[in-house]
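Read through the structure below, which is laid out as C-alpha cells, and then see the notes.
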Amino acid sequence: MRHRDYRDQIASEDVRDPALRKNVFREMARDFTAMMKEGGITDRPGTIARMMEAAYRAGLETPRDAETAVSRSTRAAHRPRMFTDMDVPSFPRDRLEELRLWLFGSSPYGDRGDGYPLNGRKDPGHEQIVLFMRPAHPGMPASVSRDEWMLAIDGGHRGFSNKGILPLVKLGLYEASEPDGNGWRFAILTEWGFELLATGSTSPPEARVPGASTTAARYRTCVGDGRVVHAAAIALGLLPNEEPSSPRPPR
C-alpha cells in the first residue's frame, strides 16, 4: 500500500513492527493535515478521537506476551509479511512513487485506482535502472554542492537528492557503488526494488533469496548483458556511444 487515508482502518499488522507503525501513523497524519487545510474535516476533535480509538483497538489485537508472539510467528514462519511502500520513510517513499512513474509509466493513482502498473505494461529500459550521482562541482566544497542522482528520461534526466535515494539503498532496493577517482557514483535498481516498483510488494530484507522474486525473469531481461551502467552513461550524455570507459562530466 502506498497511501493511507486518515479514515482507513488500522490492522494489528500495521502496529506490530515499530518502523511500519511509525510510517502508517505519519502517513495518516499527513492525510489528516492536508484534508484539514482543505476544509474537508469539520469535526476535528471527533476525527482525532476516532483515529486514536482505531490505533488503540489495533494495539489490543497485537500479541501481548512472548508465548503468543512465538506461536503466531511459528505459524507464519514460511509466510513473512511482505515489504511494501509503507515500509519506506515518507520522503523517499514519495521519490519511490516518482521512480515508479518514470520507470513503469503508472499514473499517480494507476489504472486500477491503486497506483500500481497494470500487468503487461512495458518494463523500463536497462539504461533506466541506473542512477548516476554527480561529483561536487570543481572549486566548490562538497558540503555546499547540490547532490543529484540522475535518471535518464526522454533524452534528458530527472534528479533526486541523497535524502530521497540513500534510504532506498539502505533498504536494499538500490545497490550503490563507492565513488570512483573522479567522484562519480552510480546506483542500480536491485531485483527487490524492481519487484516493489512493478507489483507493490517484495520480500522483507531477511527473507530475500536471489532469483526468487516474482519478477526475477523480467528483471534479468531488463539487466540484459549487464552493461547497464555504460548504457545509462550514454543515455545521460556522459559518454559517446562508441566509448566503453568510465563516465566523465559533460563539458
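Side-chain atoms are counted along with the backbone in the values below, which use heavy atoms only and exclude waters and symmetry mates.
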So CG of Leu99 and CG of Leu189: to nearest 0.5 Å the spacing works out to 8.0 Å
Distance col, row Thr202:OG1 vs Leu197:CG, nearest 0.5 angstrom, shows 10.0 Å
Interatomic distance, SG@Cys222 vs CG@Asp123, rounded to 0.5 Å, equals 6.5 Å
His157 and Gly159 have their tightest heavy-atom pair at CD2-N, 4.1 Å
CZ (Phe83) and OG (Ser203) are apart, to the nearest 0.5 Å, by 11.0 Å
Practice item. Kindly say whether Thr214 contributes a backbone atom to a donor-acceptor pair with the side chain of Glu195 at under 3.5 angstrom? Key: yes
In this structure, CZ of Arg185 is separated from CD1 of Ile165 (nearest 0.5 Å) by 11.5 Å
In this structure, CZ of Phe160 is separated from CE of Met150 (nearest 0.5 Å) by 12.0 Å
>> Hydrogens and angles aside, do Glu148 and Ser161 bring a side-chain donor and acceptor to less than 3.5 Å of each other?
In response: no
Decide yes or no for Val228 and Glu127: does some side-chain heavy atom of the first lie under 4.5 Å from some side-chain heavy atom of the second? no
Taking every heavy atom of Tyr174 against every heavy atom of Ile129, the minimum-distance pair comes out as CE2-O, 4.0 Å
Looking only at heavy atoms, the pair that brings Leu171 and Pro205 closest together is O-CG, 4.5 Å
After noting the C-alpha distance and the side-chain angles of Arg93 and Asp85, does the key distance pass the salt bridge (charged side-chain N to carboxylate O under 4.0 Å, His left out) rule? CA-CA 6 Å; Arg93 189 189 318 135; Asp85 286 30; over 6 Å; no
For residues Leu151 and Leu103, determine if any side-chain heavy atom of one lies less than 4.5 Å from a side-chain heavy atom of the other. yes
Note: Ala176 and Trp149 closest approach over all heavy atoms is CB-CH2, 4.4 Å
Residue pairs meeting ring pair (Phe, Tyr, Trp, His ring centres under 6.0 Å), one or both in residues 33-54, sequence neighbours left out, come to none
Taking the side chain as everything from C-beta on, heavy atoms only, tell me whether Leu196 gets closer than 4.5 Å to Leu96. yes
Glu191 meets the side-chain hydrogen bond (donor to acceptor under 3.5 Å, both in side chains) criterion, sequence neighbours left out, with Ser213
Exercise. Are any non-hydrogen side-chain atoms of Thr221 and His126 less than 4.5 angstrom apart?
Worked result: no
Is the shortest distance from a Lys or Arg side-chain nitrogen in Glu98 or Arg95 to a carboxylate oxygen in the other one below 4.0 Å? yes
In short, ring pair (Phe, Tyr, Trp, His ring centres under 6.0 Å) pairs touching residues 196-220 with sequence neighbours left out are Phe194-Tyr219
For Pro92 and Pro167 the tightest heavy-atom approach is CG-CB, 3.8 Å
Check whether Thr84 reaches the backbone of Ser201 with its side chain - one donor and one acceptor, N or O, closer than 3.5 Å. no
Do Trp192 and Leu166 sit in one hydrophobic cluster, given that two such residues count as connected whenever their side-chain heavy atoms are within less than 4.5 Å of each other, even indirectly? no
Looking only at heavy atoms, the pair that brings Gln128 and Trp102 closest together is NE2-O, 4.1 Å
